[in-house]
Amino acid sequence: MRVLGIETSCDETGVALYDGEHGLLAHAIYSQIPIHAEYGGVVPELASRDHVRKALPLIREVLDKAELTRTDIDAVAFTAGPGLIGALLVGAALGRSLAWALGVPAVGVHHMEGHLLAPLLEDSAPAFPFVALLVSGGHTQLVDVTGVGRYRILGESLDDAAGEAFDKTAKILGLSYPGGPVLSRLAEQGDPTRYRFPRPMTDRPGLDFSFSGLKTFALNTLREAEAEADGAIDAQTRADIARAFEEAVVDTLVIKCRRALRETGRRRLVLAGGVSANRRLRARMGEALAAEGREAHYPRPELCTDNGAMIAYAGWQRLNAGATEPLLFKPRARWPMEELQPVGPAII
Amino acid sequence: MKLLAIDTSGETCSAALLQDGTLTQRLETAPRRHAELILPMMQQLVDEAGLRLADLDALAFARGPGSFTGVRIAASVIQGVAFGVDQPVIPVSTLAAIAQGAYRRSGHTRLLVALDARMDEVYWGAFEINEAGLAEARGSERVCAPEAVPQPEGEGWYGVGPGWTAYDARLRLRIGTALAGVLEEGICEARDLALLAEAEHRLGHEVVPELAIPVYLRDQVTRKG
């Protein structure tokens, strides 16, 4: 079964073709970053306007790459939430109506399930059960996974998502939008010993996160440095603050992931979502888990950010389990992952 | 000539099938339920006519102006269907369809269509009914303050559309003696869209599915940070 996947939940248009036998056939992502950069954040109306221009050309591009035509599509999967409602509606309307016109099944996919299952697209796919750390601009969640659709939230951010904290701290440091990846590059030149940021909520039991305090800490650190330097701080100081911030986020995530693995008794950790592309996080997590005889899995960087491949894949899993969609589309801006229907028995 | 037309640009949701001169329509007043209603409406029309989607010659949609989200739903649905069955698309102005509907109901042939664009503005278009009985634009459509709408040439013009309810006094003042009256009803209906689309089809005014793009008129949607 060849599944066309369409992702339009935020500021990336993603399209892919996944084949149950041959794996990922082709995928393409169009990023709207330049459109939103001048506003310093995603403007929902502009995001929707761009999706409606880009989604169908991307579908043609992906079919061309795979050397297939529209009649080779056996099913259509589209992101049905959570996300920006206007943006979701574009992909859902396009995907659902295309499936109807082709006379093939359609399935609405949960965006975070897409991220969570993305590592299963890789050759070294992790087996169930595992703990997943979903970490992006919109989410920071630890999930115990015992099968497709079998998700138990172990902990989540009580305020800012990790990616959001990266972007906001980057803004404080005067870095260009979207600041997260820029901050990480700057941090590479930073001295990890000059400043030390707190590791929020690690001194008490539990698996929840809180990252909003770190950006305040960064702001205060910057102000103190400016006061000492009479207002003109050097590039090294910015890099040192970026490094201290990144160290704090990575350390916190590693501490909570190790704790989650210990508490659940799982051996495997899956990292997914935009922030899982962060090199320091990958390296540090890999080392920490290897020392305990545990494994860390993550998708290739291009499948960490929002993409159509994960939607096509999650859709394929659900279609295989008999999921069907009525002749309508009803995307949801909010959609708790624990409401998803399980596929198959739990693997414990 | 077989054509399916849809509108999800406002409070109503409608679909119409034009089959060799015969029109059938589904219409519901359903704010925020377009996404649930539009595909079943389209399917019912096609099924009842004993057709398959592949039997159609073209697909038409109300391309705006109107609710941003609403016109995007129609555009995306039509893109999906048109790509799926490899057919051309005919985008039709929401304002022209309202003028066409006003002519159908009232017989008046000079129509000034106004939609409430919020923010103290209207979406505006002037239309005259031609010899073929079809609404033809007089000047370009625009979004502007009621005081800034273009004054039509000649007399005997009728106002139509919800913009006239929202800005009645200000529009009357602006149009002055050229205005013969204001019509009560003024919604976009797929049946009127279908008639206009058929004429466009005859002229070869069609686009590929990926160019089934909304016309918002209002392009300034945010301020730079």
Side-chain angles (χ1 to χ4, degrees), chain A residues 4 6 8 35-61 63 69-71 73 76 78 80 84-104 106 171 177 325-332, chain B residues 4 6 8 13 15 30 32-44 46-47 52-54 56 59 61 63-64 67-87 89 91 207-216 218-225:
Chain A
L4 178 76
I6 305 172
T8 64
I35 292 175
H36 303 292
E38 56 183 317
Y39 303 99
V42 177
V43 181
E45 176 59 22
L46 294 183
S48 305
R49 288 186 177 200
D50 207 47
H51 286 307
V52 83
R53 283 190 293 259
K54 296 297 176 2
L56 187 48
L58 273 188
I59 292 174
R60 286 205 200 264
E61 184 185 325
L63 285 170
T69 66
R70 61 193 165 79
T71 50
I73 298 169
V76 181
F78 54 86
L84 301 171
I85 193 65
L88 287 165
L89 269 167
V90 172
L94 178 64
R96 187 65 196 88
S97 60
L98 174 57
W100 177 54
L102 291 173
V104 301
K171 209 167 184 174
Y177 172 87
E325 199 79 15
L327 191 55
L328 52 86
F329 43 96
K330 218 175 173 177
R332 296 169 64 178
Chain B
L4 193 56
I6 64 168
T8 59
C13 175
R32 289 181 299 280
R33 288 185 56 223
H34 300 121
E36 293 165 57
L37 296 171
I38 192 64
L39 287 170
M41 280 182 174
M42 294 165 77
Q43 181 162 49
Q44 281 167 22
V46 173
D47 284 354
R52 294 170 311 138
L53 281 174
L56 300 171
L59 294 147
F61 77 108
R63 50 89 163 141
S67 140
F68 295 162
T69 298
V71 294
R72 269 195 296 273
I73 287 174
S76 301
V77 164
I78 288 299
Q79 283 187 13
V81 175
F83 176 67
V85 292
D86 196 20
Q87 281 164 1
V89 176
V207 298
V208 292
E210 47 268 62
L211 295 182
I213 300 294
V215 172
Y216 303 102
R218 176 173 284 147
D219 292 320
Q220 183 70 36
V221 294
T222 184
R223 276 191 225 138
K224 292 186 180 163

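Throughout, protein chains are lettered first and strands after them, A, B, ... in sequence-line order, and every chain is numbered starting at 1. FYI, side chains are in, hydrogens and waters are out, and symmetry mates aren't considered; it's all heavy atoms of this structure.
- By number of non-hydrogen pairs under 4.5 angstrom with chain A, the leading residue of B:Ile38, B:Asp86, B:Ile78 is B:Asp86.
- At distances below 3.5 Å, at least one donor-acceptor pair connects side-chain atoms of A:Ser97 with backbone N or O atoms of B:Val77.
- Using a 4.5 Å cut-off on side-chain heavy atoms (C-beta onward), B:Leu39 and A:Leu328 make no contact.
- In this structure, chain A has heavy atoms under 4.5 Å from both the backbone and the side chain of B:Ile73.
- Judged by distance alone, the side chain of B:Gln79 and the main-chain N or O of A:Leu98 form no donor-acceptor pair under 3.5 Å.
- Salt bridge A:Glu45/B:Arg72: present, at least one basic N to carboxylate O contact under 4.0 Å.
- Heavy-atom distances place no part of A:Ile85 under 4.5 Å from chain B, backbone and side chain included.
- Between B:Glu210 and A:Ile59, every side-chain heavy-atom pair lies at or beyond the 4.5 Å cut-off.
- Using a 4.5 Å cut-off between heavy atoms, B:Ile213 touches chain A through its side chain atoms alone.
- You'll find the side chain of B:Pro209 reaches within 4.5 Å of the side chain of A:Arg60, heavy atoms only.
- Smallest separation of non-hydrogen atoms from A:Ala101 and B:Gly80: CB-O, 4.2 Å.
- Residues A:Phe329 and B:Glu36 fail the side-chain proximity criterion, which asks for heavy atoms closer than 4.5 Å.
- Looking at A:Trp100 and B:Leu53, their side chains come closer than 4.5 Å, going by heavy atoms from C-beta outward.
- Once rounded to the nearest 0.5 Å, the distance linking CG of A:Leu89 with CZ of B:Phe68 reads 15.0 Å.
- For the set A:Ile73, A:Val76, A:Val90, the entry with the most heavy-atom pairs within less than 4.5 Å of chain B is A:Val90.
- For A:Leu63, the part lying under 4.5 angstrom from a heavy atom of chain B is the side chain only.
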Carefully, step by step, assess A:Arg49 and B:Val221 under the rule side-chain contact (heavy atoms from CB on, under 4.5 Å).
-> CA-CA 11 Å; A:Arg49 288 186 177 200; B:Val221 294; 3.5 Å; yes

